[in-house]
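Indexing begins at 1, ligand by ligand and atom by atom, following the structure's order.
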Amino acid sequence: MVEEARKGRGAEETYREVALLHMAGISDGFLATLGVRFLTLLYESIDNDPGSALFVERVDGRVVGFVSGGRGMASIYRQMLRRWPRLLLALMPALASPSKLHRILEIVLFSRKQKPVPGCPVAELFSIAVDPPYRGAGVAARLYERIKQRFTTDGESAFCIVVGDGLLPAHRFYQNMGAQPMAKISVHNGQGSTLYRHDL
Ligand SMILES: CC(C)(COP(=O)(O)OP(=O)(O)OC[C@H]1O[C@@H](n2cnc3c(N)ncnc32)[C@H](O)[C@@H]1OP(=O)(O)O)[C@@H](O)C(=O)NCCC(=O)NCCS
């Protein structure tokens, strides 16, 4: 059953389990390279941001899938900056790498830009992942429906999803769920992604 992340077992442990699923499932994305501490803080900040949401599905108390979404990452990065001692600690290994530092700045600056394509919805599904043994059983479909429901309740008329070109199963999944490819974009230097739109 899909539920809010903070319900059930300790929220701290839930954010860490979500971070580990992100690292394993969306491993070719840049955020995964920033490590489990950074991702744990990121998902805690998403869950604490009033404009965003984090839903999980658990089996025997353990997180086997999650979805996150909201109205852009800018307010979430602000939440993270407020917890700066933890952020600094989480980013310590990355700060030693000029290329990683450059990309971190790129992400923060990109998140401040209005939207990559004119007419792109403000609401966005940020990430979704399911633990491999639990795939193909409708877990992601239930999570997707839950975030759709949340966007509808919030009065959104559509939401977008940015999907890296390397994530082939994800493209098939989103198209299966009714999202329409809207544009090809480049989020970080040279890395191609497709922007999807889902009308509610
Ligand atoms: C994409 C992902 C979330 C799908 O999770 P899942 O729980 O296996 O998906 P579901 O079982 O709920 O499938 C829902 C629908 O999508 C389809 N689908 C899911 N994965 C598919 C794939 N690899 N190829 C074709 N169709 C697929 C299913 O057939 C199903 O359609 P149906 O209802 O008509 O049968 C999962 O493969 C995953 O975690 N991938 C790694 C993380 C990732 O790439 N995330 C997206 C980036 S943000």
Give the numbers and elements of all ligand 1 atoms closer than 4.0 Å to a heavy atom of Pro169.
-> 23 (N)

With a cut-off of 4.0 Å, which atoms of ligand 1 are near a heavy atom of Ala140?
-> 3 (C), 4 (C), 5 (O), 6 (P), 7 (O), 9 (O), 12 (O)

Could you find the nearest protein heavy atom to atom 39 (O) of ligand 1 and give me its residue, atom name and distance?
-> Val130 N, 2.8 Å

Considering all protein heavy atoms, does one lie under 4.0 Å from atom 31 (O) of ligand 1?
-> yes

Measure the CG-CG distance between Leu41 and Leu34 for me, rounded to the nearest 0.5 Å.
-> 11.5 Å

With Val56, the side-chain contact (heavy atoms from CB on, under 4.5 Å) member among Val2, Leu143, Thr14 | Thr14

Does any non-hydrogen side-chain atom of Pro121 lie less than 4.5 Å from one of Arg71?
-> no

Atom 37 (O) of ligand 1: which protein heavy atom is closest, and how many Å away?
-> Arg135 CD, 3.5 Å

Pull out every atom of ligand 1 sitting under 4.0 Å from any heavy atom of Gly136, numbered as shown with elements.
-> 6 (P), 7 (O), 8 (O), 11 (O)

State the atoms of ligand 1, each with its element, that fall below the 4.0 Å cut-off from a heavy-atom position in Ala141.
-> 12 (O), 14 (C)

Which ligand 1 atoms, with their elements, are less than 4.0 angstrom from a heavy-atom of Gly25?
-> 41 (C), 42 (C)

Residue and atom name of the nearest protein heavy atom (relative to atom 17 (C) of ligand 1), distance in Å to one decimal = Asn176 ND2, 3.7 Å

Got an N/O contact under 3.5 Å between Tyr174 and ligand 1?
-> no

Heavy-atom proximity to atom 15 (C) of ligand 1 ranks first, among Phe66, Phe173, Tyr144, Phe126, for Phe173

Which of the ligand 1 atoms, numbered from 1, are nearer than 4.0 Å to a heavy atom of Gly138 | 10 (P), 11 (O), 12 (O)

Carefully, step by step, assess Glu145 and Arg142 under the rule salt bridge (charged side-chain N to carboxylate O under 4.0 Å, His left out).
-> CA-CA 5 Å; Glu145 286 306 320; Arg142 284 194 289 279; over 6 Å; no

Mind checking whether Ala129 has an N or O less than 3.5 Å away from an N or O of ligand 1?
-> no

Per-atom contacts of ligand 1 with Ala137, taking only distances under 4.0 Å to non-hydrogen atoms = 11 (O)

Do His198 and Tyr174 get their side chains close enough for a donor-acceptor pair, meaning under 3.5 Å?
-> no

Looking only at N/O atoms, are Tyr134 and ligand 1 under 3.5 Å apart anywhere?
-> no

Among protein heavy atoms, which lies nearest atom 24 (N) of ligand 1, and at what distance?
-> Arg172 NE, 3.0 Å

Side-chain heavy-atom pair Glu57, Val67 within 4.5 angstrom cut-off | no

Tell me: protein heavy atom nearest atom 45 (N) of ligand 1, and distance?
-> Ile128 O, 2.7 Å

Ile26 N/O to ligand 1 N/O under 3.5 Å = no

Does the separation of the ring centres of Tyr196 and Tyr144 fall below 6.0 angstrom?
-> no

Polar contact flag for Ala170 and ligand 1 (N/O pairs, less than 3.5 Å) | no

In this structure, CG of Asp131 is separated from CD of Glu17 (nearest 0.5 Å) by 10.0 Å

Side chain or backbone of Leu167 under 4.0 Å from ligand 1, or both, or neither, by non-hydrogen atoms?
-> side chain

Heavy-atom distance under 4.5 Å between the side chains of Leu39 and Leu42, does that happen here?
-> yes

Residue among Phe66, Phe38, Tyr15, Phe126 satisfying ring pair (Phe, Tyr, Trp, His ring centres under 6.0 Å) with Tyr43 | Phe66

Side-chain contact test, heavy atoms from C-beta onward, threshold under 4.5 Å: evaluate it for Ser127 versus Ile26 and give yes or no.
-> yes

Would you say the side chain of Leu54 lies within less than 4.5 Å of the side chain of Ser68, judging by non-hydrogen atoms?
-> yes

Quick one: pull up CG in Leu91 and CZ in Arg37 and give me the separation to the nearest 0.5 Å.
-> 11.0 Å

Is Met177 close to ligand 1, meaning an N/O of one under 3.5 Å from an N/O of the other?
-> no

